[in-house]
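Numbers here are sequence positions counted from 1.
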Amino acid sequence: QVQLAESGGGLVQAGGSLGLSCEASGRTLSSFTVGWFRQAPGKEREFVAAISRSGRTTNYADSVKGRFAISRDNAKKTVSLQMNSLKPEDTAVYYCAAASLFEIANERARYDLWGQGTQVTVSS
């Protein structure tokens with residue numbers, strides 16, 4: 001059984017940067033596609049970024065493309081999300097999720113393992 005735990009959230013000013021980390025306990029993450037999602041107050045949880053098992057393929061929501069970067073270290077069982085040029089509208093709880101897929105996916109329903117989330121707040 002794999003459990004996911006996010007870390008790295010916090011408060012940052014607009015234009016600043018934050019790095020989030022998702023660490024797996026139990027089985028290695030190397031057999032999972034991993035994604036980051038976020039949920040702002042009163043809004044649906046939305047896709048942010050995803051990375052394939054090998055790390056060779058990534059996908060991003062249009063709203064974060066060019067500002068966020070997802071990466072993984074299968075040996076360390078971690079997936080990271082580097083967030084640059086942050087905007088107030090990036091404020092949300094960020095969740096790491098894993099799916100036993102061979103392909104990359106951005107649909108929330110395809111992910112069956114979720115972390116507890118970490119709060120990111122961007123002040124204007």
Side-chain angles (χ1 to χ4, degrees):
Q1 183 70 18
V2 176
Q3 291 185 319
L4 305 176
E6 303 92 341
S7 61
L11 173 65
V12 65
Q13 287 189 330
S17 298
L18 273 178
L20 303 183
S21 183
C22 174
E23 186 170 356
S25 60
R27 287 176 57 194
T28 177
L29 266 181
S30 62
S31 57
F32 294 88
T33 288
V34 177
W36 284 95
F37 292 77
R38 66 187 181 186
Q39 188 167 17
K43 294 189 176 182
E44 294 285 321
R45 192 171 299 187
E46 64 175 6
F47 170 76
V48 175
I51 190 165
S52 63
R53 294 183 174 196
S54 66
R56 287 192 288 267
T57 303
T58 58
N59 192 25
Y60 297 91
D62 288 343
S63 59
V64 306
K65 205 169 290 185
R67 300 188 297 122
F68 290 13
I70 189 170
S71 61
R72 67 189 301 160
D73 185 333
N74 284 337
K76 295 182 179 179
K77 298 193 290 186
T78 60
V79 173
S80 299
L81 184 69
Q82 179 63 37
M83 306 184 295
N84 301 321
S85 303
L86 283 161
K87 306 175 181 179
E89 51 264 43
D90 294 318
T91 295
V93 177
Y94 282 70
Y95 297 89
C96 172
S100 300
L101 301 172
F102 288 100
E103 71 278 9
I104 204 168
N106 61 2
E107 298 88 353
R108 185 179 66 186
R110 300 189 72 185
Y111 289 82
D112 45 16
L113 295 172
W114 292 85
Q116 293 299 307
T118 185
Q119 177 70 47
V120 171
T121 303
V122 184
S123 63
S124 57

*Pairwise side-chain contact, Glu46 with Arg108, heavy-atom cut-off 4.5 Å (strictly under)*: no
*asked:* Could you work out, with ring-ring contact (aromatic ring centres under 6.0 Å, His included) as the rule, every residue matching Phe47, not counting sequence neighbours?
replied: Phe37
*Starting at CG of Asp90, measure out to OG of Ser63 and round the result to the nearest 0.5 Å.*
7.0 Å
_pair Gln119-Tyr94: side-chain heavy atoms closer than 4.5 Å_ = no
_Could you check whether any side-chain heavy atom of Ile51 comes within less than 4.5 Å of a side-chain heavy atom of Thr57, counting everything from C-beta outward?_
no
_Criterion side chain to side chain contact (heavy atoms under 4.5 Å, CB included) against Leu18, the qualifying member of Val122, Thr121, Val120, Thr118_ = Val120
_Counting C-beta onward and ignoring hydrogens, is there a side-chain heavy-atom pair between Phe68 and Asn84 closer than 4.5 Å?_
no
_Less than 4.5 Å apart, side chain to side chain, heavy atoms only: is that true for Val64 and Arg38?_
yes
*Please report the shortest heavy-atom distance between Val2 and Ala24, naming the atom on each side.*
CG1-CB, 4.0 Å
*Closest heavy-atom contact between Arg110 and Ala105?*
NH1-CB, 3.9 Å
*asked:* Can you give me the closest heavy-atom contact between Pro88 and Ser124, atom names plus distance?
replied: CG-CB, 3.8 Å
*Roughly how far, to the nearest 0.5 Å, is CZ of Arg72 from CZ of Arg56?*
11.0 Å
*Taking side chain as C-beta onward, heavy atoms only, is Tyr95 less than 4.5 Å from Val93?*
yes
*Donor-acceptor under 3.5 Å (Gln82 side chain, Ala69 main chain)*: no
*Would you confirm whether Tyr111, through its side chain, and Cys96, through its main-chain N or O, come within 3.5 Å as a donor-acceptor pair?*
no
*Quick one: OG on Ser25 to NZ on Lys77, what's the gap to the nearest 0.5 Å?*
7.0 Å
_I'd like to know whether CD of Glu103 has more than 12 heavy-atom contacts from other residues, nucleotides or ligands below 6.0 angstrom._
yes
*Tell me, yes or no, whether the heavy-atom count around Glu23 atom CD, taken from other residues, nucleotides or ligands under 6.0 Å, exceeds 12.*
no
*Determine whether Met83 and Val12 fall in the same hydrophobic cluster, where Ile, Leu, Val, Met, Phe, Trp and Tyr are linked whenever their side-chain heavy atoms lie under 4.5 Å apart.*
yes
*Test item: Glu6 and Leu4 side chains (from C-beta on) under 4.5 Å apart, heavy atoms*: no
*asked:* Using every non-hydrogen atom in the two residues, find where Leu20 and Trp36 come nearest and quote the distance to one decimal.
replied: CB-CH2, 3.7 Å
*Shortest non-hydrogen separation from Leu86 to Arg67 and the atoms involved*: CA-NH1, 3.8 Å
*Exceeds 12 heavy-atom contacts within 6.0 angstrom, atom CD of Glu107*: yes
*ILVMFWY cluster, Trp114 and Val34 together (side-chain gap under 4.5 Å)*: no
*Checking Arg53 side chain against Thr33 main chain: does a donor-acceptor pair fall under 3.5 Å?*
no
*Lys65 atom NZ, neighbour heavy-atom count above 12 within 6.0 Å*: yes
*Closest non-hydrogen atom pair between Leu81 and Ala49, with its separation*: CD1-CB, 4.1 Å
*Within a strict 4.5 Å, meaning less than it, do heavy atoms of the Lys76 and Ser21 side chains meet?*
no
*Calculate, to the nearest 0.5 Å, the distance between atoms CG and OG belonging to Asn59 and Ser52 respectively.*
10.5 Å
*asked:* With rounding to the nearest 0.5 angstrom, report the CD to OG1 distance, Glu89 to Thr91.
replied: 8.5 Å
